[in-house]
Protein chains: 2
Amino acid sequence: MTQPPPRLRIRVVFGDDAMLGPGKADLLERIRETGSIAAAGRSMSMSYKRAWMLVETMNAAFQEPLVASSRGGAKGGGAYLTETGQAVLAQYRALESAMSEAGSAQISALQALLRNTPSGK
Amino acid sequence: MTQPPPRLRIRVVFGDDAMLGPGKADLLERIRETGSIAAAGRSMSMSYKRAWMLVETMNAAFQEPLVASSRGGAKGGGAYLTETGQAVLAQYRALESAMSEAGSAQISALQALLRNTPSGK
DNA sequence: AGCGGATATGTTCCTCAAAACATATCGCAG
DNA sequence: CTGCGATATGTTTTGAGGAACATATCCGCT
């Protein structure tokens, strides 16, 4: 029985407070798909508040905001990724991909040493 | 002013509960250096309890324990890395190194989009 | 003019993980 | 046979972060 392949969680830590990890990347992706911060949050069972705070943090960390949003209007409002936002998301995905490939040998080596009963469920 | 280079935090997630990240890797390294779980924990200002729990978790996750320990004796006791422990640590460091190199281009691209005032201190 | 749906933001409550504290045990040295 | 230094493990306390709840605001449509 081959257990589920190990997954990589990569976080880039800039300076002291700003960082980018899987959570924010996924949120960006879902905002692009849904066109809404609230819908993006719901789709990953995250409270709107939390989603909004993550967006605010990201917008503050980069030179230009990653997410632009508008209130009111026909459908109440909405949000979309800016050019910078799309670029950041693309770079992060590329980073994940490149790193995953580069580390596959070590990952396999580690997995070979693992106990093959990860859970007694 | 070139701000401090971004740092990578890489975590390998096996299955549901077992995972290996920078904290455990550093702990292993310090256990090897100090020959003691307690001293290793102190050197990274971690309580003995926490250090010991991490060791227990790792020992349980792999086929063979990574850290062997003994109580009592001339100096009260001690701990050292097993063959497996050394192998796991080496693989993790190699993983960090390979991934860091593989992702340098994307890291640079992300850094270029960053606001260059990471903190107002 | 008012409704609807989404952004924006504050406040309170709750949970769980980490810290702190407290022992117990072990085994050689002297 | 006692004391030391480290491992081993349980109990209590604390604190930070998230969840939940509550509004406020915006603006096109009908």
Side-chain angles (χ1 to χ4, degrees), chain A residues 9 11 13 16-62 64-82 85, chain B residues 9 11 13 16-62 64-82 85:
Chain A
R9 298 184 76 251
R11 183 184 296 179
V13 182
D16 200 18
D17 50 345
M19 55 185 69
L20 181 59
K24 295 208 187 99
D26 286 354
L27 183 62
L28 284 181
E29 194 153 52
R30 285 164 191 261
I31 288 174
R32 184 179 58 184
E33 289 167 6
T34 62
S36 157
I37 296 177
R42 277 197 301 272
S43 77
M44 48 202 302
S45 57
M46 174 188 291
S47 72
Y48 171 77
K49 169 133 197 196
R50 176 161 177 72
W52 179 83
M53 283 193 310
L54 291 177
V55 168
E56 191 186 39
T57 302
M58 285 189 283
N59 281 350
F62 286 86
E64 300 174 35
L66 307 190
V67 175
S69 59
S70 61
R71 290 199 287 191
K75 298 179 57 184
Y80 62 94
L81 295 193
T82 64
Chain B
R9 299 184 76 250
R11 182 184 297 180
V13 181
D16 201 17
D17 49 347
M19 55 184 68
L20 181 61
K24 294 206 188 103
D26 286 353
L27 183 61
L28 284 181
E29 194 152 53
R30 286 163 191 261
I31 288 174
R32 184 180 57 183
E33 290 167 6
T34 62
S36 155
I37 296 176
R42 276 197 301 271
S43 79
M44 48 202 301
S45 57
M46 172 188 293
S47 72
Y48 172 78
K49 168 135 196 192
R50 176 160 178 71
W52 180 82
M53 284 193 309
L54 292 178
V55 168
E56 190 186 38
T57 301
M58 286 190 282
N59 281 349
F62 286 86
E64 300 174 35
L66 307 190
V67 175
S69 58
S70 60
R71 290 200 288 192
K75 299 179 55 184
Y80 62 95
L81 296 192
T82 64

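Each chain gets a letter, A, B and so on, in the order the sequences are listed, and its residues count up from 1. None of these values were measured; they are calculated from a predicted model.
- Judged by distance alone, with hydrogens and angles left aside, the side-chain atoms of Thr82(A) form a donor-acceptor pair with the main-chain N or O of Leu66(A) at under 3.5 Å.
- With rounding to whole Å, Leu27(A) atom CG is found 14 Å from dT7(C) atom C1'.
- Atom CH2 in Trp52(B) sits roughly 17 Å away from atom C1' in dA19(C) (whole-Å rounding).
- Atom OG1 of Thr57(A) and atom CE of Met19(A) lie 10.5 Å apart (nearest 0.5 Å).
- Computed from coordinates, the Arg50(A) CZ to dA16(D) P distance equals 17 Å when rounded to whole Å.
- Mapped onto DNA chain C by nearest heavy atom, Ala74(A) and Glu56(A) fall at different nucleotides, with Ala74(A) at the one closer to the 5' end.
- Within the 4.0 angstrom heavy-atom criterion, base atoms lie near Gly72(B).
- Among the protein residues, Ser36(A) comes within range of the sugar-phosphate backbone only, with heavy atoms under 4.0 Å from sugar or phosphate atoms but none that close to a base.
- Residue Lys49(A) contributes atom NZ, which lies 10 Å from atom C1' of dT12(C) at whole-angstrom precision.
- If you take CZ of Arg71(B) and P of dG5(D), they are 18 Å apart, rounded to a whole angstrom.
- Taking 4.5 Å as the limit, every side-chain heavy atom of Thr34(B) sits out of range of all side-chain heavy atoms of Arg42(B).
- Between the CG atom of Asn59(A) and the P atom of dA8(C) there is a distance of 9 Å, rounded to whole Å.
- Base engagement by Gly76(A) is indicated by at least one non-hydrogen atom pair under 4.0 Å involving a base atom.
- The interatomic distance linking Tyr80(B) (OH) with dA6(D) (C1') rounds to 16 Å, in whole Å.
- Contact check, Ser70(A) against dC26(D): no side-chain N or O comes under 4.0 Å of OP1 or OP2.
- The interatomic distance linking Tyr48(B) (OH) with dC21(C) (P) rounds to 18 Å, in whole Å.
- Using a cutoff of 4.0 Å between basic side-chain nitrogens and carboxylate oxygens, Arg30(A) and Glu33(A) are not scored as salt-bridged.
- Across all strands, Gly78(A) comes closer than 4.0 Å only to sugar-phosphate atoms, never to a base (heavy-atom distances).
- Here Ser69(B) reaches the OP1 or OP2 of dA8(D): one of its side-chain N or O atoms lies under 4.0 Å away.
- Across every non-hydrogen atom of Ala51(B) and Leu27(B), the tightest pair is O-CD2, 3.6 Å.
- Proximity note for Ser47(A) (side chain, C-beta onward) versus dA19(D), dT7(D), dA6(D): the nearest is dA19(D).
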